[in-house]
Each structure stands twice: as C-alpha cells, then as structure tokens.
Protein chains: 2
Amino acid sequence: MILSGSSPVARRPEIEYAGRAGRLRSRLGDHRVEALAVTGMTNVRWLTGFTGSNASVALLPDRLVLVTDGRYRDRATDELAAAGVEAEIVVGFTHDAQHEAFVGAFAGIAAVGADARSLTHARWQALAVELPIVAADGLIEDERRTKDAGEIARISEACRCADAALAEVAPMLFEGPTEADVRMELEYRMRRHGADGPSYDTIVASGPDHAARPHHEASTRQITEGDTVVIDVGALVEGYHSDMTRSYVVGDPSPEQWDVYQLLLAVQIAGIQAVRSGAAARDVDAVCRSMSVDAGYSDWFLHSTGHGVGLQIHEDPFESPASTADLRAGDVVTVEPGLYRVGFGGLRIEDLVEVTETGCRILTASPKDTPCPPSPPTI
Amino acid sequence: MILSGSSPVARRPEIEYAGRAGRLRSRLGDHRVEALAVTGMTNVRWLTGFTGSNASVALLPDRLVLVTDGRYRDRATDELAAAGVEAEIVVGFTHDAQHEAFVGAFAGIAAVGADARSLTHARWQALAVELPIVAADGLIEDERRTKDAGEIARISEACRCADAALAEVAPMLFEGPTEADVRMELEYRMRRHGADGPSYDTIVASGPDHAARPHHEASTRQITEGDTVVIDVGALVEGYHSDMTRSYVVGDPSPEQWDVYQLLLAVQIAGIQAVRSGAAARDVDAVCRSMSVDAGYSDWFLHSTGHGVGLQIHEDPFESPASTADLRAGDVVTVEPGLYRVGFGGLRIEDLVEVTETGCRILTASPKDTPCPPSPPTI
C-alpha cells in the first residue's frame, strides 16, 4: 500500500538565480574572455534552473542563449521562467543542429571561455574548429561555492531527511540485518521523509574487513555483535545533496573500540572547530591528520578530511593537504576524519557544516557522542 | 523492522573477463596504436572487474597495469583476482603520483590509443604532453556491445526485479498515489526483490501534461481517474542495468486512449519483430516511426526507438535515424516507441531484448496487452 510518511514541507526561500549571470560576467575579464560556453549540466542548472539532461548555455555580454533538444522545450521554458532567468531558448532536433545553434550564438565574440576540466576532448575540438575557445576552468565552480539562503535551506532539508531515516534505522543494527538491508531501509526512509532520493550510494560497511574500507559498498554480509559499522548516508532535495557519516559498535564496545572512537570524536570536533571564513582548507585536514598521527594512528588515517557539497556531492573546496583554497562564508563542507585498520574495522564521523565569518553552523544533527546505536524501543 | 523480501539468488554464470584484454589487443592495429589508455570507469570495470570510482588501466602488448588511489588497494586486488584478470596494481597517493605511474606504464610505446569522447580536454592535454596519444574512440564500447552469458544473466535478473516490483505497485494506481509515491515504492520493492538499486531515476509521469513529457521527473502530482500514466523503471544488478516502460490508463480508458494504446502496442511489437542480427539499427526505428506517421501520429512521435543497455543505461548501439550500426547477436537493446501530446498525455511501451541470429529474446516480462493496470486484489 502507499505509505504517506512525508512531513509537510515548510515553504523554503527561493534560490536567487537571477543575479548569477551578472556575477559571472563581472569575472570574465579575469580570464580574458568576453563570453562563456557553459556545458556541464550542473553548471547549466546552477545558472538557469534547468534540470534536464541535455543543454548548453552561451553566456554572452548582453544575453543568455540556452540550446537543448526536442524533449526539453516545454521544461526549459517552464523552469527558466520559474527561476526568473531570461534567456533565448533554442531547440535543435539533432546533435548537429544543437552544435550549430550553440556555435552561432557566439558570433562576433573574440574569446570564448570554456571548461577544459569538464568538456570532453572531442567536444572541445569540435568547438575549437569554429570558435576562439580559451580555457576558463573553475570559474563557475568557484561562484557555486557560495550558497544562498535558498540553497542552504535545501541542503538543510536533505540533512533532516537523512537524520530522520538514520534515527529509525540505527536501532535495527541489533537485529542482525545485512549491510544491504540497512542501505535499503535508509534510502526508502529518506524518501518517506521527503527526499527526492539518496545523495549517493549509501555506504554500510561492517566488521573487521568491510568497515576498514572507506568506500566499501553495502553487501550481503550480516552485521553481528562486536562489529564496527560505518554508515555514510545523505539525501537529495531539489538537486542539493547532504552528506553525513555515523559509526557504531554493535553490542558492548571493547576497550580498543572505545578508545579509537573517543579519539576520533575529539579529532572530528577539532576539525569542526578549525572551520571558519579565512582559514586555509588544508589546515582543517592538518588538524585532524596531526592529532591522529600524534596519537599513534598515522597508518589508520587513509583519506583527506572533507570536501564541498552542493549541486554535486563532491565539489570545491576540498580540505586536503594539496588544497590551496581558503574557506569562505557560504561554503558548505564536510568534516569527516576516519580511522581504519583491517582486523579492527573502521570508524568515521562526518558532519556537514556551513562556513560562517566566525566559525561554522552544523547542518547534520544525528547523535555522535558514543559508538552505541540507540536501543530498539522496548515494547 | 528489517524486511527480508529478497528471493534466493540462483547461481549465475560468471562474466568472462579474462579474454577481453586479448580481444582488444587484436583490434589495436585497426586504430594504428600499440597500446590503450583505458580511463572511463565503465570501461575499466568491463576490462578488469574493478568497481571503484578511480582507476586508469594501461593495456599494453604484454600486460595490464591498473593505477588507483589509496582507498582502493585491497578492493582492486580482490576484485581483479575474483575476475581472473592478471594485472600489475599500482597505488598512487596523490593525483600527480597516479598520473606519473600511468604515463610511466607506457614507456617505449610509439602510439597510445585513448578515447577523446570520454577523456576531458584537460586530461587529454596532460597525457599528450608526455605520451604519443591518438584518438581510438569507441573501440571498447564496440566490444562491450556483445554480452556474454554472465552479463545476460545479470541483466535478466535486473529485469526480473523490475517486473516483480511493478506487479506489486501497478495496482496501487487506483489508490490515488502521487507520482513520487509510485517511484518510491517501485525503487524500494526492486531492492527487496534483490536489486542493488534502481537503474536510473524511475519515471512516473501522469495526466494530460506530465505524461506528455518523455523525460518527466516524478512529482507530487496525484494520479487520478482518466490519467494516462507512463512508468519507466529498471533495476541494477552487479553493475548491469535493465530498462522497461509500461503505460496505463487509470479507470475505464476513453475510446481515444484505447485507440492510441492499441496502435502503440502494434507499433512496438512491429519494432521487436524488426530486431535481428544483421538488421540496421535505424530500420527498427524506421518501422516504428513510419507506422506511427502512416496512422496520422507524426506529431506524437518525439524520440527515437531505442538504445543498447549494459554497464551503462544508454550505450551502443542506438536505434535512431542517424544510426549507422547493424545489430549483432549479443546486443541488448530497448524497443520503446512512445506517443505523446499535451492534453492527451502520453503512452510508451518498452521492452529490453537480446538480439539473436534469427530475431530476439525478450528479457522483460510485465504484461502489456491492455492499458488497464491489474486490479487491486479483492479481500
């Protein structure tokens, strides 16, 4: 039967699409281009509100031209109107017609910026035959970092869906489910709580071997007493992602499990406390990494500490040793140190936070003080 | 509580990975290259069985080298062993280290093939600085077309999961669910029947407006009597996709709804009957298109008739007017004509078939003889 578990949805602030083209135009000079070929669907969506799977946008000095195919004429018209974005919408019924319309939109432009990191080499070459293409990598990705109130509201709502699902499913760890059972229940319940879907393939990694793999996929392994269990779960709401990890020990934790958990919790909180506007992203990683190394767990620290989250689950800025970015107010980033060793298993604690001028605001709310999952309700 | 709805899984034939490198090597001469840079994750998986999110493979005249990052050392070792693939596995802990190891693997090679249609321009250029790169587009995609018994078994299992979920959910159309409710139930139930997840975002499009959009996303619109409802649903099993569409009328169909449905069913069956090894893929499209046009529905026929399905939901060959491919035994393709008009709504019928020497074998089994959903069970 159809279940109606979704909460009533409060009215969310609108996403402010209308100013984005202007902000991009004001930065074109930095890249010495007069216009921009916007080709990745995430960037097209961010700029125009269009959510289909095929479109390219010409960002011109005085207007926008969106080229799509026959499937999407009505949807593009509707979605751009809803977003308050003015653009000429051109429909091409074949790839060639779309290419021709897109190239034609740039007539008279002396330098067109494009993203060499997302365009395929074949398409770059096809454009370069007809247009003065220049690499303008990362321009939109940089603008996308700063989330407005409408975007934060959607990410927060996604966090709420994942929190609610995890609160229902964590007690089930005592019942001997498989990893895949737990994933299935989490993804179903996120939807019942209003999510459009999972933000990524939910990770459920248990026991001495699977939990030691940071990106393990949920399997048919049955979760049993004594296991460490890493659950990495996020929801998708109107294109915006959430990302959270909680780790548990099923049954009474061993002294080593307690010790590693308490260390990791301190490491993760220290990482969160290092987040503020102006801090170097790599310093958030350095705090978590050095605390772990100093405690004797250098071999257990296998991945960097976090990444931006928005229309993509992994986006700028990245908190890793190689990062050159400074955090800025409006960035939404994860703080997710983990400690892993085959034989022990693994633990990871991850929150999603919004960077503010003085620190950060935590968007995920699931309890993390101990490695013990909430008990099943007594009946 | 944890539900245990999965059917016991019969033992499936193994996928034959071991011969694939050799088959590719035998075709390198056609592209005038001595080795291949395999970079897309789908192609890496097809060649080696590795299922992580980051790896590149150097296909060399005498060996394979797989380069990945620190997260995936154990998983790559285990998965390649399970696949029976011999390769040197190199772990680079930074992007630069991975790039260096990958480039180094091709030392002494005079011409390295790469796929300009999937590599980004930025990565192509980075490789071209150090290697004699030549476009060898579509080589692996062409080999991937021909599915072995292990692949067919997984695709068939995915079809079974979608059939089972749809059989449970279709009667719910009478209960006034929203489109999103139907999608949620389908995706949950595919998992309960053993799928690893949905093959793509399940399409549930209802009523005079939504159903007229071939790629509508499920919304909060409530499904009501008189609606046409298009349900496009597939499952994922061990990386392999299924794809199926059924269309319904809720309540008693109007004469026009009956007429369009009966025409479409005849069109779709004619399309299936046009599938056989040696047939031009575009002719399958032509059969469906011309029958629709001849019946006076040219404005209703909005998209081409089908595509290959495997490790990707859309892959070679494509059954469209622009296709130059001939169908071959072992291809797995959809046959999915649709008829749409705003005001009427839309109908699409899609089956997934395996091409054989003399025709095809239909892998999807949900009933399609009438537009009436199965009635809810009487209690």
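Per chain, numbering begins at 1; letters A, B, ... match sequence-line order.
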Side-chain donor-acceptor pair present, Glu336(B), Thr245(B), cut-off under 3.5 Å = no
Distance-only side-chain donor-acceptor flag, Gln98(A) / Thr68(A), under 3.5 Å = no
Can you sort out the partners of Phe318(A) under ring-ring contact (aromatic ring centres under 6.0 Å, His included), two or more places apart, ordered by chain and number?
-> none
Using heavy-atom distances under 4.5 Å, tell me whether [X] contacts chain B through its side chain, its backbone, both, or neither.
X: Asp209(A); result: neither
X: His216(A); result: backbone
X: Tyr72(A); result: side chain
X: Arg75(A); result: both

Take Asp181(B) and Thr178(B), measure what side chain to side chain donor-acceptor pair (under 3.5 Å) needs, and give me the verdict at the end.
-> CA-CA 5 Å; Asp181(B) 287 334; Thr178(B) 67; 3.2 Å; yes
Identify, with sequence neighbours excluded, every residue that meets salt bridge (charged side-chain N to carboxylate O under 4.0 Å, His left out) alongside Arg221(B).
-> Asp227(B)
Mind ranking Ala122(A), Ser320(A), Ala180(A), Ala116(A) by heavy-atom pairs under 4.5 Å with chain B and telling me who comes out on top?
-> Ala116(A)
Ranking Arg117(B), Glu217(B), His215(B) by heavy-atom pairs under 4.5 Å to chain A gives rank one to His215(B)
Using a cut-off of under 4.5 Å on heavy-atom pairs, state which of Asp96(B), Asp196(B), Leu302(B) scores highest against chain A.
-> Asp196(B)
Please lay out, stage by stage, how Tyr340(A) and His303(A) fare under the test ring pair (Phe, Tyr, Trp, His ring centres under 6.0 Å).
-> CA-CA 10 Å; Tyr340(A) 315 88; His303(A) 56 75; 5.4 Å; yes
